[in-house]
Amino acid sequence: DAGINGRRCTVRSFFNWCIDMEYFDKALKGLDRITQIRYACDENREYNRHKIITLDEFKKILSKVTDDVMRSYFKIAFYTGMRSLEVNSSEVITENGIMFFKTNITKKDGKGVMKTRYIPVDFKQLLVDHAVCAAAQYKKGRVSKAFRQACKVAELWIPYNKCLHSNRRSWISYKLK
């Protein structure tokens, strides 16, 4: 939203300036339709809430899933914020008596070096779900498609907002609270 809206705002401002400077004698067709500029960083906007999956919504999604492996992938994604490929390549480690998921696949930094993340295990049931996912090794597209279908069945799906990546947004939102 932010990139598209930024360009819309720039184009609209430019054309309004052109009209003010009398380069155009009237507004261009369609310019009047660009009325609502949305800012993704604005927390008070209702549409941003759609990008987060609440705990009640997540339970509703889980109730619609029949595949236990998919249910495990969804739980890991929601409660740890891991991507589906990170789930497949992660391992459980213990340091100083605290259990972590060690992920080996994350976004590359500017130098092209892979980073490693350590995600604390909040509750023991995640270990069972992680073992199920590690054994199954479902592909990324399969997990994403299943999540989208589960959202549709639960009547929660909003294009480009309620997706598997929404679990990452939800996880960090709950962690920050």
Side-chain angles (χ1 to χ4, degrees), residues 1-3 39-45 47-154 156-177:
D1 284 347
Y39 298 97
C41 60
D42 189 356
E43 293 292 329
N44 297 324
R45 300 281 182 171
Y47 69 90
N48 271 338
R49 205 228 43 85
H50 296 304
K51 294 181 179 183
I52 303 293
I53 297 173
T54 64
L55 188 57
D56 292 335
E57 289 173 337
F58 184 67
K59 288 178 181 177
K60 188 175 180 181
I61 291 168
L62 282 184
S63 70
K64 303 299 181 182
V65 178
T66 57
D67 185 0
D68 290 334
V69 177
M70 284 299 175
R71 191 177 291 119
S72 293
Y73 269 102
F74 298 167
K75 286 179 188 176
I76 290 285
F78 185 78
Y79 291 115
T80 66
M82 282 197 273
R83 299 174 183 95
S84 56
L85 292 179
E86 287 179 324
V87 174
N88 287 343
S89 66
S90 65
E91 58 182 315
V92 179
I93 63 168
T94 304
E95 288 186 11
N96 300 328
I98 301 171
M99 297 181 84
F100 293 94
F101 292 117
K102 178 183 174 186
T103 63
N104 298 321
I105 297 176
T106 59
K107 288 188 175 183
K108 294 180 180 181
D109 64 9
K111 300 172 189 165
V113 178
M114 301 299 276
K115 294 181 181 178
T116 301
R117 281 194 314 147
Y118 296 91
I119 303 165
V121 177
D122 291 334
F123 51 94
K124 302 291 185 205
Q125 178 59 36
L126 288 178
L127 298 174
V128 175
D129 291 325
H130 182 266
V132 169
C133 295
Q137 292 290 310
Y138 282 0
K139 292 188 177 184
K140 174 185 167 184
R142 182 176 182 182
V143 178
S144 296
K145 184 176 181 180
F147 190 81
R148 184 172 53 248
Q149 288 173 340
C151 287
K152 286 179 181 181
V153 171
L156 296 172
W157 189 69
I158 301 170
Y160 307 107
N161 286 333
K162 298 288 185 179
C163 55
L164 189 63
H165 192 76
S166 297
N167 289 316
R168 286 177 66 81
R169 295 184 193 108
S170 302
W171 173 72
I172 197 65
S173 296
Y174 288 123
K175 281 288 186 189
L176 292 174
K177 287 182 181 180

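Atom OG1 in Thr103 sits 7.0 Å away from atom CE in Met82 (nearest 0.5 Å). Atom-to-atom distance recorded for Ile76:CD1 and Cys133:SG is 5.5 Å, nearest 0.5 angstrom. Residue Thr116 holds its OG1 atom at 5.5 Å from NZ of Lys102, rounded to the nearest 0.5 Å. Here Ile61 contributes atom CD1 and Cys151 contributes atom SG; the two are 3.5 Å apart, rounded to the nearest 0.5 Å. Atom-to-atom distance recorded for Cys163:SG and Ile53:CD1 is 7.5 Å, nearest 0.5 angstrom. Rounding to the nearest 0.5 Å gives a distance of 9.0 Å between CD of Gln149 and CE of Met70.
Considering only residues two or more places apart in sequence or on other chains, Tyr79 meets the ring-ring contact (aromatic ring centres under 6.0 Å, His included) condition with Phe58, Phe123. Not counting sequence neighbours, Arg168 has no partner by the side-chain hydrogen bond (donor to acceptor under 3.5 Å, both in side chains) test.
Under the 4.5 Å side-chain criterion, counting only non-hydrogen atoms from C-beta, Phe74 is in contact with Leu164.
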With a 3.5 Å cut-off and sequence neighbours excluded, list the donor-acceptor pairs that the side chains of residues 92-100 form with protein atoms.
none

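Cation-pi geometry between Lys162 and Trp157 is not satisfied (NZ or CZ under 6.0 Å from the ring centre, within 45° of the ring normal). A cation-pi arrangement is present between Arg142 and Tyr138, with the terminal nitrogen or guanidinium carbon under 6.0 Å from the aromatic centre and inside a 45° cone about the axis.
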For a side-chain contact (heavy atoms from CB on, under 4.5 Å) check, start with the C-alpha distance between His130 and Ser90, then their side-chain angles and the critical distance, and finish with the verdict. CA-CA 9 Å; His130 182 266; Ser90 65; 2.7 Å; yes

For a side-chain contact (heavy atoms from CB on, under 4.5 Å) check, start with the C-alpha distance between Arg117 and Glu86, then their side-chain angles and the critical distance, and finish with the verdict. CA-CA 10 Å; Arg117 281 194 314 147; Glu86 287 179 324; 2.8 Å; yes

Check against side-chain contact (heavy atoms from CB on, under 4.5 Å), Phe78 and Leu55: CA-CA 9 Å; Phe78 185 78; Leu55 188 57; 3.8 Å; yes

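Note on Asp56 versus Lys59: no salt bridge recorded, every NZ/NE/NH1/NH2 to OD/OE distance being 4.0 Å or above.
The main-chain N or O of Ala150 is never found under 3.5 Å from a side-chain atom of Lys64 such that the two would form a donor-acceptor pair.
In this structure, Phe101 has its ring center at least 6.0 angstrom away from the ring center of Tyr118.
Remark: the Asn167 side chain and the Tyr73 side chain contain no N/O donor-acceptor pair separated by less than 3.5 Å.
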